[in-house]
Amino acid sequence: VIVRAEDLSIEVSWRLPLTYVVGGTFDIREGGHLDVAAGSSLHVASNEGLFVRGGRLTMRGTQAEPISLLGPEGVRDAGSWSGVFLFDSMAENVLERVLIAGAGNPSGFRAPNVALHIRDAAATLGAIRIENTLSEGFRLEDAKLTFTDQLDARGAPLDLLATPASLEGLSSRLETDGPIYVLGGEVVGEVTWSPEHEYEVVGEVQVLPTGVLTLSPGVTLRFRGGLGLRVDEGTLVASGTATEPIVFTATSGAPGGWLGIYYRRSLAAANVLEHAVVEFGGGDAWYFPAAAANLLLDGNSRLTLKDVT
């Protein structure tokens with residue numbers, strides 16, 4: 001079935017498990033809903049993709065009949081087409097039992113080099129497999145996610161990148177050979193990071209006044225140069241154990257390899273570092289002279305320390 005590119009603002013269901021040849025970018029706008037039948041295969045033109053902006057996308061495959069998104073004529077070569085983008089859509093998007101192969105075309109007009117990009121959107125995800133993408137597998141930015149099964153990102157050079165708030169419940173659902181890359185961003189609600197994978201921080205993370213970032217025992221955070229963790233009137237709960245300490249360290253593994261942890265006017269009684277290692281920080285000053293340190297408290301900040309090295 002040949003599908004012409006269009007802006008979709010109505011309910012549409014592809015009810016039969018056929019091969020759908022998508023000749024251009026498919027835009028699902030506010031009021032639009034595309035429901036794709038289990039067993040369907042979408043062959044997307046080069047440089048094009050499936051784009052949701054305010055609308056809704058349902059791809060609910062089954063174990064016997066997964067849904068596949070491939071490049072032109074069903075090719076799976078890396079960079080054959082752009083990818084799937086869910087933007088500004090707080091409707092109930094669903095992607096389950098879905099294969100995304102050959103995405104990440106660098107000429108893509110929306111967000112190049114990403115197989116599945118979710119930004120300011122809600123989605124239920126499960127049993128999604130990324131194969132042969134050119135660069136990023138998943139990019140999750142301020143996404144509200146529910147997981148029903150595993151996400152397999154091992155077919156991408158960069159498996160997964162996510163903003164801090166998008167990491168809730170993710171680590172235990174992710175199959176990856178590398179770390180979770182944490183993009184810069186703000187924590188404004190309650191977020192817990194679990195220890196199944198290491199976290200490599202590639203942008204500054206801020207915990208704001210309404211934010212509570214909880215690190216489970218065994219979590220390791222590695223920070224790139226010039227970056228740190230800023231608790232800006234928010235709360236950081238990092239309670240490790242003697243056998244599962246929480247580690248804050250530099251990606252470089254060298255002294256001064258990152259900024260450190262900065263508590264600014266954080267008066268929360270729940271602030272705690274327990275059974276934790278904070279090392280290789282102090283690479284630069286936090287906004288004012290003589291403030292280079294692994295751990296810096298400012299503005300009468302409160303913090304309970306126990307067994308911290």
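These numbers come from a predicted model, not from an experiment. Numbers here simply count residues along the sequence, with the first being 1.
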Tell me the side-chain hydrogen bond (donor to acceptor under 3.5 Å, both in side chains) pairs involving residues 169-181, sequence neighbours left out?
-> R154-E175, D159-T176, S171-E196
Could you tell me whether D298 and R264 make a salt bridge, using a distance below 4.0 angstrom between a side-chain N and a carboxylate O?
-> no
Do the charged groups of E200 and R222 touch, with an N to O distance under 4.0 Å?
-> no
Worked check of side chain to side chain contact (heavy atoms under 4.5 Å, CB included) between L50 and V44 = CA-CA 8 Å; L50 191 60; V44 185; 5.9 Å; no
Look at the side chain of T235 and the backbone N and O of A268, then say whether any donor-acceptor pair between them is shorter than 3.5 Å.
-> no
Are the side chain of E136 and the backbone of V114 linked by a donor-acceptor contact shorter than 3.5 Å?
-> no
Spell out, as yes or no, whether a donor-acceptor pair under 3.5 Å connects the side chain of H197 to the backbone of L174.
-> yes
Salt-bridged, D149 to R97, with N to O below 4.0 Å?
-> yes
Would you mind reporting whether W81 and L69 have side-chain heavy atoms less than 4.5 Å apart?
-> yes
S266 versus V231, closest heavy-atom pair with distance = OG-CG1, 3.7 Å
Do L183 and R139 have side-chain heavy atoms sitting under 4.5 Å apart?
-> yes
All heavy atoms of P157 vs all of S135, minimum pair found to be CD-O, 3.0 Å
For side-chain hydrogen bond (donor to acceptor under 3.5 Å, both in side chains), just list the numbers for E141 and S166, CA-CA rounded to whole Å, side-chain angles, deciding distance to a tenth of an Å, and then say yes or no.
-> CA-CA 6 Å; E141 298 180 87; S166 302; over 6 Å; no
Aromatic plane relationship, F87 with F51 - under 30° parallel, 30 to 60° tilted, over 60° perpendicular = perpendicular
Heavy-atom pair with the smallest gap, counting every atom of L99 and L70 | CD2-CD2, 4.4 Å
Note: P255 and F280 closest approach over all heavy atoms is N-CD2, 3.6 Å
Side chain S301, main chain R265, donor-acceptor under 3.5 Å = yes
Count the heavy atoms belonging to other residues, nucleotides or ligands that lie under 6.0 Å from CD of E11, then report whether that count exceeds 12.
-> yes
Does the Y199 side chain pair with the main chain of S194, one donor and one acceptor, at a distance under 3.5 Å?
-> yes
Which residue pairs pass the side-chain hydrogen bond (donor to acceptor under 3.5 Å, both in side chains) test when at least one of the two sits in residues 210-219, sequence neighbours left out?
-> none
So, S41 side chain and T19 main chain: donor-acceptor pair closer than 3.5 Å or not?
-> no
Are D88 and R53 close enough for a salt bridge, meaning some N to O gap below 4.0 Å?
-> no
So the ring pair (Phe, Tyr, Trp, His ring centres under 6.0 Å) pairs with at least one residue in residues 18-41 (sequence neighbours excluded) are W14-Y20, W14-F26
Donor-acceptor under 3.5 Å (Q150 side chain, A127 main chain) = no
Counting N and O atoms only, with roles assigned by atom type, does the side chain of S89 sit under 3.5 Å from a partner on the main chain of V52, one being a donor and the other an acceptor?
-> no
Compare every heavy atom of L95 with every heavy atom of L116, then report the nearest pair and how far apart it is.
-> CD1-CD2, 4.3 Å
Check L86 against N93 and note the closest heavy-atom contact, atom names and distance.
-> CD1-CB, 4.1 Å
Do F138 and H117 have their ring centres less than 6.0 Å from each other?
-> no
Among side-chain atoms of E274 and T304, is any donor-acceptor pair under 3.5 angstrom?
-> no
